[in-house]
Amino acid sequence: MELKICHLYPDVLNLYGDRGNIACMRRRLEWRGIGCAVTELPLGTVDDLTGYDLFFIGGGQDFEQTVLLSDLNAGRRDDIRAAAEDGKTFLCICGGYQLLGRGYRTADGEWCDYTGILDFVTEGSRDRMIGNYAFRLGPESGGGVVVGFENHGGRTRLGSGLTPLGAVLKGCGNNGQDGTEGVRYRNVFGTYSHGPVLPKNPAFCDGILLSALVRKYGGAELAPLEDAAENAARRYMLNRLHVTE
Ligand code: GLN
C-alpha cells in the first residue's frame, strides 16, 4: 500500500509550519509500513492532479492568496474541483481552506475568485482572530476534540447545504459567531487550524489518512500507534483551554 500526497502551492501557502502536517501524515503511514510519496507542486507547475490520493494546501497571507489567482485561472481551479468531486482527500488549512469557496474578499477589499467547489464566501477583516482554540469534529469525521491555533482575518460563512468540520468549543472558528469551524465535504477537510494541526491530534490525522486509503483500496485498517507524546501535547492544550474531551 502507498499514498501519493500532493503538496499544492508550497511556495505561497505555507504559514505557521503547516508543512508539518505532511511530515506527520508521512510518518504515521511509514510507522505502519505503508508507503508515502510526497510531490510539491509550486505555482505554474503543469500537472493534471489525477495521479495523487491526497492533497494538502496550507495557509497564506492575503497578498499571497491573490498571487495564485493566475494559476487557478490557468486550469488549476478545474483540476482541484475534479479531484474533490472524485472523492480524493484534501486537507486545506486557513487560506488553503478559503480557496475551496466561491471567493475571498481581502482586508483591503480585493476580491479573489476562488475554486467555487463549495458554497461559501469569506470576508476579510483587519480585526484578526488569533489564538489557541479547540473544536469537536462532527460524527462523520470521528467526533473527537481537536486542539489547534488560528490566525485569520477572514470570516467564513458556510452555505446552508454544507456540513461544518466541527463545532467550536473554545476560540473563534469560521467566523466567531455561528459556532462552526471548517468544512467537511466528501473527503475534503477544511479547517482554520494551523500549528501544524495533525501532530497533536493523531486521531484526526488517522481519520484523514483512512479516507484516502479506503477510497484507493476499498478498505484499510490503521494499527494503533504508541501516541503517548502526541496525546500528552493534546492534554496540555486541552487543560490550558479548560476544554474536556
Ligand atoms: N489571509 C487569510 C486571512 O487572513 C488566511 C490567513 C491564513 O492562512 N493564516 O483570513
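Whatever order the structure lists ligands and atoms in, that order sets their numbers, starting from 1. Being a predicted model, the structure only gives us computed values, none of them experimental.
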Atom indices of ligand 1, in the order listed, that fall short of 4.0 Å to a heavy atom of [X]:
X: Arg128; value: 4 (O)
X: Gly59; value: 8 (O)
X: Asp62; value: 1 (N), 2 (C), 3 (C), 4 (O)

- Query: Touching ligand 1 at all, Tyr104? Heavy atoms, strictly under 4.0 Å?
  - Reply: yes

- Task: Please verify whether a non-hydrogen atom of Gln98 lies at under 4.0 Å from ligand 1.
- Result: yes

- Message: Hydrophobic cluster membership, with links at side-chain heavy-atom distances under 4.5 Å among I/L/V/M/F/W/Y: are Met237 and Val168 in one?
- Response: no

Considering only the protein, which heavy-atom contact is closest to [atom], and what is its distance?
atom: atom 2 (C) of ligand 1; answer: Gln65 OE1, 2.9 Å
atom: atom 9 (N) of ligand 1; answer: His194 NE2, 2.7 Å
atom: atom 7 (C) of ligand 1; answer: Cys94 SG, 2.8 Å
atom: atom 4 (O) of ligand 1; answer: Gly153 N, 3.0 Å

- With rounding to the nearest 0.5 Å, note down the distance linking CZ in Arg235 to CG in Asn239. 8.5 Å

- Is there at least one pair of N or O atoms, one from Tyr192 and one from ligand 1, spaced under 3.5 Å apart? no

- N/O separation below 3.5 Å, His152 to ligand 1: no

- Task: For ligand 1, indicate whether the residue Asn151 contacts it via side chain, backbone, both or neither (heavy-atom separation under 4.0 Å).
- Result: backbone

- Does a salt bridge link Arg28 with Asp206, judged by any charged N lying under 4.0 Å from a carboxylate O? yes

- Thinking salt bridges, do Arg155 and Asp127 make one under a 4.0 Å N-O criterion? yes

- Message: Applying the side chain to side chain contact (heavy atoms under 4.5 Å, CB included) criterion to Leu137, which one of Leu165, Thr191, Asn201 satisfies it?
- Response: Leu165

- May I ask which of Gly95, Gly60, Gly124, Gly154 has a heavy atom nearer to atom 6 (C) of ligand 1 than the others do? Gly60

- Message: Tell me if the aromatic rings of His7 and Phe56 count as close, with their centers under 6.0 Å from one another.
- Response: yes

- Message: Between Tyr97 and Tyr192, is the ring centroid distance below 6.0 Å?
- Response: yes

- Can you see which heavy atom on Pro196 is nearest to which on Asn21, and at what distance? CB-OD1, 3.4 Å

- For a salt bridge (charged side-chain N to carboxylate O under 4.0 Å, His left out) with Asp86, tell me which candidate from Lys216, Arg81, Arg215 qualifies. Arg215

